[in-house]
Enquirer: 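My structure is below; once you've seen it, I'll send some questions.
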Amino acid sequence: MANPVTVFVPRETAAVSLGAHEVAEKISLLDDVNVVRNGSWGASWLEPMIEVVIGEQRIAYGPVTVNDVDSLVDADFLNGGEHPLRIGPTTEIPFLINQERWTFWRCGLIDPLSIEDYLAHQGFAGLQAAFKKGPGFVLEEIKASGLRGRGGAGFPTGIKWQTVADAAGEQKYITCNADEGDSGTFSDRMLMEGDPLQLIEGMIIAGFAVGASKGYIYLRSEYPLTHRVLTKALVVARDAGWLGPDIQGSGFDFDIDIHLGAGSYVCGEETAMLESLEGKAGVIRYKPPLPAIKGLFGKPTVVNNVVTLGSVPLILKQGAKKYADFGVGRSKGTLAFQLAGNIKRGGMVEKAFGLTLRELIEDFGGGTASGRPVRAVQVGGPLGAYLSADQLDTPLDYEAFSDIGAMIGHGGIVVFDDTVDMAAQARFAMEFCAVESCGKCTPCRIGSVRGVEVIDRIVQNDDREKNMILLNDLCNTMIDGSLCAMGGMTPFPVQSALNLFPEDFTK
Amino acid sequence: MATKYDKAIASELIQQFGARPEMLVQVLHAFVKRYGFISKEAIRQIAAELNLSRAEVHGVVSFYHDFRTEAPGEHILKICQAESCQAMGSRELTSHAESTLGVAMHGTTSDGNVTLEPVYCLGNCACSPAVMVDDKVYGRVDTEKLDGLINECGG
Ligand SMILES: Cc1cc2nc3c(=O)[nH]c(=O)nc-3n(C[C@H](O)[C@H](O)[C@H](O)COP(=O)(O)O)c2cc1C
Ligand code: SF4
Ligand code: FES
């Protein structure tokens with residue numbers, strides 16, 4: 001009997017949402033086939049994208065549905081046969097090869113739940129370097145890499161870790177923020193589904209650097225598949241001695257629990273997340289004290305995003321300089337941009353900072369899915385400003401975006417074509433704030449409800465002039481009088497819509 | 001989905017985490033998974049066993065969207081209402097669902113088959129619009145695909 005042919009079929013939410021499980025099941029019934037469930041390479045527009053291993057190559061076909069399997073068999077796809085869905089070798093897909101993969105380099109490549117596969121691809125090499133060179137070295141490397149938080153605020157990770165390392169106390173915690181609530185974002189999810197062991201490794205390294213033995217992953221409940229993959233990954237790591245007491249004979253203990261969120265956007269804010277991790281309502285805490293000093297259960301706590309922690313192992317393996325060579329100015333390294341909304345080729349693109357929005361949307365994304373002109377783009381989630389088609393040449397770095405009153409945030413890019421009603425988008429921003437406000441401060445809790453009413457009156461031409469002034473006052477009150485960015489930044493999408501697309505409010 | 005409340009089983013759901021008050025959110029998830037919602041009876045028992053006041057438990061229940069206090073339908077259909085899905089027609093999809101099912105958002109069909117709920121991003125934004133039926137996510141959902149999903153719910 002011939003060796004079985006390996007076929008990769010992603011077990012990743014986007015692929016599964018388009019029928020990958022059914023495809024995997026049907027292919028696994030073929031003779032002499034070994035189906036491996038990998039993560040996604042990130043080319044979501046090709047999902048479910050399956051790959052057949054032929055010699056050294058992986059030949060991709062996509063998007064494949066269960067109804068295509070018979071014709072693929074007829075076309076002899078197990079030998080790379082011609083078929084309308086045949087894309088060619090994965091290593092020749094322009095969307096993928098034009099990226100600069102650092103954090104996501106194993107994503108799609110390996111079986112995410114195989115420790116052997118992970119180890120064969122430099123897995124735990126970063127942790128071993130950390131064990132060898134000590135916590136002080138880790139802290140210096142992370143600082144030197146220029147890595148900034150990928151959750152949205154862009155705070156330097158090395159400085160945060162140093163603060164926790166320096167804080168007094170025996171008990172410290174590492175918390176991973178996997179709440180990923182921003183619309184248009186899914187890179188945390190892809191990384192957790194495609195390379196969960198790397199996140200685990202990053203958390204262990206963080207724990208080692210600051211002197212913490214316990215970690216929590218705060219995962220949003222909207223990600224049930226991710227939850228299953230992560231849960232298994234923790235078991236796999238523990239069984240192989242890479243998690244738990246005395247990791248690989250190093251004398252260092254570290255373990256991780258997963259806690260589920262419960263459908264609250266504001267729980268992605270770090271102090272609300274800590275409240276939720278303590279079993280309470282996700283109401284924002286006053287800062288100071290910083291979580292680094294007084295965080296979970298009052299103990300010094302690192303709060304980092306999934307992608308931040310996932311970038312760490314390779315920095316230690318390859319050296320800080322290698323990472324810092326990517327990017328521009330104070331935006332070092334790479335970011336996993338996410339192309340979403342009305343986009344022809346949606347998915348995840350990991351690139352060094354500095355390319356323009358246009359390059360991402362046009363070269364990678366291929367323009368809108370509808371084929372109509374791009375009219376507006378929201379970058380950085382629901383609290384990010386809307387940009388117009390005239391602003392597409394802005395380079396993607398933290399500073400260039402803040403210069404135009406926008407933010408990169410977690411790297412989500414939501415494209416709208418010329419059928420968008422920007423007054424409706426502005427109204428939604430206020431409505432979302434009203435639904436998700438934690439309720440602690442009046443400008444956010446009440447202001448957002450008023451905001452919806454005022455926009456409705458403007459659109460209905462009910463005392464429009466006066467209500468325009470009112471809306472601006474309201475926005476300024478929210479910006480100045482809110483405790484956190486929920487209330488403090490909701491006005492940005494509203495005001496940018498008003499300024500850039502005034503005609504939509506006076507139809 | 002409707003499972004009859006049982007004090008002994010409820011106690012197991014609470015005790016599986018060691019009866020620690022900091023596990024309250026996780027305990028409530030376990031109750032929703034088992035019973036579909038958080039009943040008054042559940043709040044009373046959770047409060048007693050975690051040594052919290054009923055008001056404290058109620059405060060947490062009411063804060064989170066996931067913790068319903070009324071029994072939902074047999075299936076829960078969530079339609080993403082966030083920006084990326086809006087850009088791909090989620091508003092029209094939502095209207096279609098509401099008129100097909102004959103309920104507004106948060107409503108349950110008269111036959112008790114489907115509860116319609118909003119959700120703000122399923123992380124499937126590259127394949128918008130996205131919906132979720134129970135715990136399964138679907139992408140690129142047009143009205144035809146949605147009708148198929150509703151049919152599968154027996155609605
Ligand atoms: C309303 C709000 C929601 C947020 N949601 C998230 C989130 O879902 N994930 C995340 O990593 N950070 C989120 N943040 C940012 C966190 O507060 C925090 O800055 C971050 O988790 C720190 O990790 P980092 O330094 O690695 O980015 C949010 C902030 C605000 C104000
Ligand atoms: S701005 Fe809104 S979400 Fe933030 S603390 Fe105030 S009420 Fe809570
Ligand atoms: S905005 Fe709908 S899935 Fe993200």
Side-chain angles (χ1 to χ4, degrees), chain A residues 13-14 16-18 42 44-45 47 180-186 188-190 220-226 259-265 267 276-283 297 338-343 346-348 369 378 381-382 412 414-417 420 424-425 428 432 435-436 438-439, chain B residues 17 20-30 32-33 38 46 50 52 56-68 78 80-91 117-141 145:
Chain A
T13 296
V16 170
S17 83
L18 298 164
S44 306
W45 52 289
E47 297 293 1
E180 195 160 64
D182 290 356
S183 164
T185 69
F186 43 83
D188 293 347
R189 177 182 64 62
M190 273 189 179
R220 68 196 304 250
S221 62
E222 291 86 347
Y223 287 180
L225 178 63
T226 320
H259 275 218
L260 286 179
S264 154
Y265 176 73
C267 282
S276 188
L277 271 175
E278 293 181 8
K280 302 174 193 154
V283 178
F297 306 117
Q338 299 125 87
L339 287 171
N342 196 327
I343 188 92
M348 194 280 302
Q378 188 176 33
V414 177
V415 178
F416 294 80
D417 74 8
V420 65
Q425 295 312 119
F428 175 76
F432 184 65
V435 173
E436 297 298 333
C438 86
Chain B
F17 300 110
R20 282 143 56 205
E22 71 265 28
M23 298 309 282
L24 177 56
V25 173
Q26 310 309 308
V27 168
L28 292 170
H29 267 304
V32 170
K33 198 165 171 198
I38 309 290
I46 293 168
L50 293 185
L52 296 164
E56 280 172 309
V57 177
H58 188 266
V60 173
V61 169
S62 60
F63 181 85
Y64 293 100
H65 300 311
D66 281 0
F67 302 143
R68 268 172 244 101
K78 293 183 180 176
C80 178
Q81 305 292 307
E83 289 89 341
S84 173
C85 290
Q86 291 168 353
M88 291 302 282
S90 62
R91 290 189 179 92
E117 285 186 353
V119 63
Y120 298 96
C121 196
L122 292 164
N124 201 26
C125 330
C127 308
S128 292
V131 312
M132 194 172 194
V133 182
D134 302 325
D135 74 345
K136 276 173 114 173
V137 177
Y138 298 85
R140 294 191 201 122
V141 180
K145 205 158 162 180

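As the structure is a prediction and not an experimental result, all values here were calculated from the model. By convention in this document, chain letters (A, B, ...) are assigned in the order of the sequence lines, proteins followed by strands, and residues within each chain are numbered from 1.
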Enquirer: Out of A:Ala340, A:Gly381, A:Ser183, return the one with the most heavy atom pairs under 4.5 angstrom to chain B.
Expert: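 Heavy-atom pairs under 4.5 Å are most numerous for A:Ser183.
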Enquirer: Report which part of A:Ser276 has an atom under 4.5 Å of a heavy atom belonging to chain B: side chain, backbone, both, or neither.
Expert: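 Contact with chain B involves both backbone and side-chain atoms of A:Ser276.
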Enquirer: Which residues satisfy the salt bridge (Lys or Arg N to Asp or Glu O under 4.0 Å) test with A:Lys280, sequence neighbours excluded?
Expert: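 Here the qualifying residues are A:Glu278.
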Enquirer: Looking at every non-hydrogen atom in both residues, tell me the closest pair between A:Ala262 and B:Phe67 and how far apart they are.
Expert: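 Looks like CB-CZ, 3.6 Å.
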Enquirer: Does B:His65 reach the side chain of A:Val435, with side-chain heavy atoms less than 4.5 Å apart?
Expert: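 Yes, their side chains come closer than 4.5 Å.
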Enquirer: Can you tell which part of A:Asp417 gets under 4.5 Å to a heavy atom of chain B, answering side chain, backbone, both or neither?
Expert: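 For A:Asp417, no heavy atom lies under 4.5 Å from chain B.
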Enquirer: Can you say whether A:Leu339 sits under 4.5 Å from chain B via the side chain, the backbone, both, or neither, judging by heavy atoms?
Expert: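 Contact with chain B is through the backbone of A:Leu339 alone.
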Enquirer: If we define contacts as heavy-atom pairs under 4.5 Å, which of A:Cys267, A:Gly346, A:Pro224, A:Gly412 has the most with chain B?
Expert: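 Sorted descending by pairs with chain B, the first entry is A:Pro224.
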Enquirer: Run the side-chain donor-acceptor check on residues 118-129 of chain B: report pairs under 3.5 Å with partners two or more places apart or on a different chain.
Expert:
from     : atom 1 : to       : atom 2 : distance (Å)
B:Asn124 : ND2    : A:Ser17  : OG     : 2.9
B:Ser128 : OG     : B:Ser84  : OG     : 2.9
B:Ser128 : OG     : B:Cys125 : O      : 3.0

Enquirer: So what's closer than 4.5 Å to chain B heavy atoms on A:Ala369: side chain, backbone, both or neither?
Expert: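 Side chain of A:Ala369 only, per the 4.5 Å heavy-atom cut-off to chain B.
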Enquirer: Who wins among A:Gly347, A:Ser221, A:Gly439 for the most heavy-atom pairs under 4.5 Å with chain B?
Expert: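 Looking at each option in turn, the highest pair count goes to A:Ser221.
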Enquirer: So which of B:Glu56, B:Arg20, B:Arg140, B:Lys145 has the largest heavy-atom pair count under 4.5 angstrom toward chain A?
Expert: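 Highest number of heavy-atom pairs under 4.5 Å: B:Arg140.
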Enquirer: Look only at the side chain of B:Glu22 and the backbone of A:Leu277, and say whether a donor-acceptor pair between them is shorter than 3.5 Å.
Expert: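 A pair under 3.5 Å: no.
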Enquirer: Would you mind reporting whether A:His259 and B:Val25 have side-chain heavy atoms less than 4.5 Å apart?
Expert: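 No, every pair of side-chain atoms sits at 4.5 Å or beyond.
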Enquirer: Taking side chain as everything from C-beta outward and backbone as N, CA, C, O, which of these in A:Glu47 sits under 4.5 Å from a heavy atom of chain B? Side chain, backbone, both or neither.
Expert: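 Backbone only.
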Enquirer: What heavy-atom pair brings A:Gly261 and B:His29 nearest, and what distance separates the two atoms?
Expert: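 Answer, listing the atom of A:Gly261 first, then B:His29: O-NE2, 2.6 Å.
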Enquirer: For chain A, which of B:Val141, B:Leu24, B:Val137, B:Leu28 has the most heavy-atom pairs under 4.5 Å?
Expert: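 Winner by heavy-atom pair count: B:Val137.
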Enquirer: Looking only at heavy atoms, what is the nearest atom pair of B:Ala87 and A:Gly341, with distance?
Expert: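 So the minimum-distance heavy-atom pair works out to CB-CA, 4.0 Å.
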Enquirer: When only pairs under 4.5 Å are counted, which of B:Gln81, B:Gln26, B:Met88, B:Met23 shares the most heavy-atom pairs with chain A?
Expert: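 Heavy-atom pair counts peak at B:Gln26.
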Enquirer: For A:Ser264 and B:Tyr64, which heavy atoms make the closest approach, and how far apart are they?
Expert: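 Heavy atoms only, the tightest pair is CB-CD2, 3.9 Å.
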Enquirer: Do you know the tightest heavy-atom contact between A:Gln425 and B:Gln86?
Expert: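 Nearest heavy atoms, A:Gln425 then B:Gln86: NE2-OE1, 2.7 Å.
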Enquirer: Measure A:Glu180 against the heavy atoms of chain B and call it side chain, backbone, both or neither at under 4.5 Å.
Expert: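 Neither part; nothing is under 4.5 Å.
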